[in-house]
Amino acid sequence: MTNKPLTLAEKVWNDHLVAKGEDGSPDLLYIDLHLVHEVTSPQAFDGLRLAGRPVRRLDLTIATEDHNTPTWDIDKPIADITSRTQINALRENAKEFGVRIHSLGDAEQGIVHVVGPQLGLTMPGITVVCGDSHTSTHGAFGALAMGIGTSEVEHVLATQTLPLKPFKTMAINVDGTLRPGVTAKDIILAVIAKIGTGGGQGYVLEYRGSAIRALSMEARMTICNMSIEAGARAGMVAPDQTTFDYLEGRPHAPQGADWDDAVSYWKTLPTDEGAKFDAEVFLDADTLDPFVTWGTNPAQGVSLNDTVPSPDDFSDPNEKAAASRALEYMGLTAGTRMKDIPVNTVFLGSCTNSRIEDLRAAAAVIEGKQKADGVRFMVVPGSAKVRLQAEAEGLDKIFKDFGAEWRFAGCSMCLGMNPDQLAEGERSASTSNRNFEGRQGKGSRTHLVSPLVAAATAIRGTLSSPADLLEPVSQEAN
Amino acid sequence: MEKFEVFTGVGAPLRRSNVDTDQIIPAVYLKRITKTGFEDALFAAWRNDPEFVLNHDAYKSAQVLVAGPDFGTGSSREHAVWALRDFGFKCVLSSKFADIFRGNSGKQGLIAGQITEQDTEDLWQALEANPGASITINLVEQTATIGDLSVHFDIDEYTKWRLLEGLDDIGLTLRDEQAITDFEAKRPSWMPKTLPAKH
Ligand code: SF4
């Protein structure tokens with residue numbers, strides 16, 4: 001061992017080395033937690049069956065149903081054949097191989113990235129993989145968490161390891177204090193707008209600085225979740241007292257002497273003084289506004305107080321072309337105030353923003369207010385547990401009184417694999433993470449927003465923050 | 001994965017170049033949830049044509065495909081290799097392969113052997129003169145032989161070794177099985193466990 005100062009990511013990597021790769025071949029890393037869902041697992045299980053291999057560590061594997069599950073009438077058979085087939089395949093595979101599964105209707109069912117942390121399975125200093133790019137969410141605990149493809153899912157099921165090439169590290173320093181109404185979602189949208197959708201390529205990002213330290217675990221998960229939208233392999237936040245407090249007492253969190261051992265190890269994880277990052281980015285939290293996207297990739301975002309940019313604002317020819325294509329697809333005119341853009345649907349959900357804290361924040365904004373006419377407001381908790389907790393706190397009543405649809409847990413309109421889709425040309429304010437063309441249904445137009453902006457938008461009918469609720473809607477918007 | 005050294009099987013001449021992965025297996029078949037059973041999807045569009053080579057009785061059990069240049073271009077879908085394998089092919093010979101296709105083949109135990117254009121023509125003629133003729137593929141010597149005609153094929157050393165040893169990616173990793181077991185013995189007890197289930 002050397003005494004070279006190390007980053008958080010390097011420490012976790014080193015502590016999971018099963019075999020060091022030689023002559024440019026990848027390292028073999030041990031995987032502590034493997035999360036499985038219905039979309040990317042069927043062929044992996046079939047591969048095991050074909051080769052006559054078992055799942056190596058059933059005690060490090062857990063499955064849930066999320067992408068295809070309906071959020072309405074969950075007691076009825078799933079109508080779509082592809083969706084039904086994938087879910088049935090997962091159930092049968094889980095049964096045949098002995099994998100723990102949380103199916104639709106179960107109290108622990110939900111989006112895979114909400115379920116892991118809520119059970120206390122996601123911990124600092126572990127490696128987490130899942131056949132889903134937003135596995136980066138779990139990095140909020142100081143875990144090294146990565147999305148993988150189907151052949152890698154099979155590899156982890158069979159060997160509990162993964163051959164991986166080392167990555168570079170990037171520090172994202174966010175210092176200062178967020179103003180009221182500005183949230184974690186705005187930080188990450190601003191980061192992505194700053195470094196671009198390819199800016200993180202080849203890197204593991206570490207979010208640092210006083211503004212990050214001040215965030216709750218839910219908020220840190222929102223940030224790490226979207227690391228992938230910046231092109232990064234993973235995103236991480238060093239564990240601290242906030243992390244420990246969140247974990248303590250959760251069903252699968254360590255207990256007794258194990259807890260003490262764990263905490264003393266976790267305290268060694270933060271990046272050492274003097275450790276070198278391959279790249280650094282700085283963002284000032286004090287001056288940040290609520291952020292929203294205007295285009296068709298997550299880097300095409302601006303302050304909510306800005307106007308829709310013009311292709312001429314971009315000097316890079318690719319960005320210019322992308323902007324003009326995006327404006328056409330989004331049906332927007334350069335110069336329009338972002339706050340004057342009317343939406344048809346507000347979607348509060350997805351692994352980015354569907355945890356209890358997100359629902360509480362939105363509910364606090366709408367309580368006692370009137371929903372804008374003609375706006376549909378869908379609230380989809382991230383897991384059945386979140387739904388139950390929200391109901392215990394009476395949040396469901398606030399949403400229903402407001403005129404929102406109070407739905408069952410799943411990915412839902414984040415990607416529209418189930419019936420929750422936008423119609424062609426419809427526009428949403430969505431708390432999810434991707435605003436790609438057609439993501440929420442063919443011809444759908446998505447504006448990525450925070451839960452606070454989602455709630456205020458549902459009240460005013462145009463993209464808005466809670467601070468705008470005092471201002472009447474501009475005439476041009478209607 | 002099965003180990004290869006030498007095998008003999010019926011050769012099918014596919015006189016087409018630029019056979020991309022969409023032609024090998026159209027996108028509609030990608031919705032399936034299995035890794036096998038894609039034999040009906042192989043060259044689906046061409047299978048409706050009674051004149052298509054694989055529709056002739058002589059080639060029903062073909063195991064070696066001799067194709068024109070630029071085989072396997074297009075999308076990276078692994079299904080293309082699965083479909084060829086499920087139909088029964090163990091080897092494809094062509095004067096040029098798309099890189100991703102060649103990589104996927106090696107991982108799934110399908111030999112993608114590169115031959116010259118002249119050798120392709122010679123093999124086609126030999127197979128067409130005698131439909132249903134067998135080809136012997138010798139991976140050790142890197143030769144494809146029909147009667148008196150024997151041609152050399154290229155394959156990279158690493159892939160050749162994997163195929164000779166019958167190692168897929170998982171098999172390769174499991175050669176480090178002892179290291180994995182040793183690592184597991186040292187894992188601290190506070191690490192997460194999904195079982196027994198606690199709520
Ligand atoms: S909520 Fe959206 S981004 Fe998250 S796992 Fe589901 S589909 Fe993927």
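In what follows, every chain begins at residue 1, and chains take the letters A, B, ... in the order their sequences are listed. Every heavy atom of this structure was used, including side-chain atoms; hydrogens, water molecules and symmetry mates were not.
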| message | Under 4.5 Å from any heavy atom of chain B, what part of A:I126 do you find: side chain, backbone, both or neither? | response | side chain
| request: Let me know if A:R250 has heavy atoms under 4.5 Å from chain B in its side chain, its backbone, both or neither. | output: neither
| field | A:Q255 portion near chain B, given a 4.5 angstrom heavy-atom threshold | value | neither
| query | Which bit of A:L33 is near chain B, if near means a heavy-atom gap under 4.5 Å: side chain, backbone, both or neither? | reply | side chain
| request: Give a yes or no on whether B:E39 atom CD has more than 12 heavy-atom contacts from other residues, nucleotides or ligands under 6.0 Å away. | output: yes
| query | Considering residues, nucleotides and ligands other than B:K198, do more than 12 of their heavy atoms fall under 6.0 Å from its NZ? | reply | yes
| task | Please say whether more than 12 non-hydrogen atoms of neighbouring residues, nucleotides or ligands are located less than 6.0 Å from CD in B:E117. | result | no
| query | Side chain, backbone, both or neither: which part of A:Y265 has a non-hydrogen atom closer than 4.5 Å to chain B? | reply | side chain
| task | Using non-hydrogen atoms and a 4.5 Å limit, figure out which bit of A:L50 sits close to chain B: side chain, backbone, both or neither. | result | side chain
| field | Test: A:R53 and B:D168 ion pair at under 4.0 Å | value | yes
| request: Measure the spacing between OH of B:Y59 and CG of B:L54 and express it to the nearest 0.5 Å. | output: 9.5 Å
| said: Please rank B:E78, B:H199, B:K186 by heavy-atom pairs under 4.5 Å with chain A and give me the top one. | reply: B:H199
| task | With a 4.5 Å cut-off on heavy-atom pairs, point out which of B:E177, B:M191, B:R187 contacts chain A the most. | result | B:R187
| said: With a 4.5 angstrom heavy-atom cut-off, is it the side chain or the backbone of A:A19 that approaches chain B, or both, or neither? | reply: side chain
| Which word best sums up how the rings of B:F71 and B:F101 line up, parallel for under 30°, tilted for 30 to 60°, or perpendicular for over 60°? | perpendicular
| task | Between chain B and each of A:Q160, A:R57, A:Q86, count heavy-atom pairs under 4.5 Å; write down the option with the most. | result | A:R57
| Under 4.5 Å from any heavy atom of chain B - which part of A:L162 | neither
| message | Need one label for A:P26: side chain, backbone, both or neither, based on atoms under 4.5 Å from any heavy atom in chain B. | response | neither
| With under 30° as parallel and over 60° as perpendicular, where do the rings of A:W259 and A:F244 fit, or are they tilted in between? | perpendicular
| said: Just checking B:K107: does its NZ atom have more than 12 heavy atoms from other residues, nucleotides or ligands closer to it than 6.0 angstrom? | reply: no
| Engaged part of A:H102 at the chain B interface, taking heavy atoms whose separation is under 4.5 Å | side chain
| query | Which answer fits A:T85, side chain, backbone, both or neither, if we ask what part of it has an atom under 4.5 Å from a heavy atom of chain B? | reply | both
| note | In terms of heavy-atom pairs under 4.5 Å with chain B, the winner among A:T82, A:T150, A:T61 is A:T61
| chain B heavy atoms under 4.5 Å from A:L119: which part of the residue, side chain, backbone, both or neither? | side chain
| query | Aromatic rings A:H16 and B:F183: how do their planes relate, parallel, tilted or perpendicular, breaks at 30° and 60°? | reply | tilted
| request: Working to the nearest 0.5 Å, report the span between CD1 of A:I62 and SG of A:C130. | output: 11.5 Å
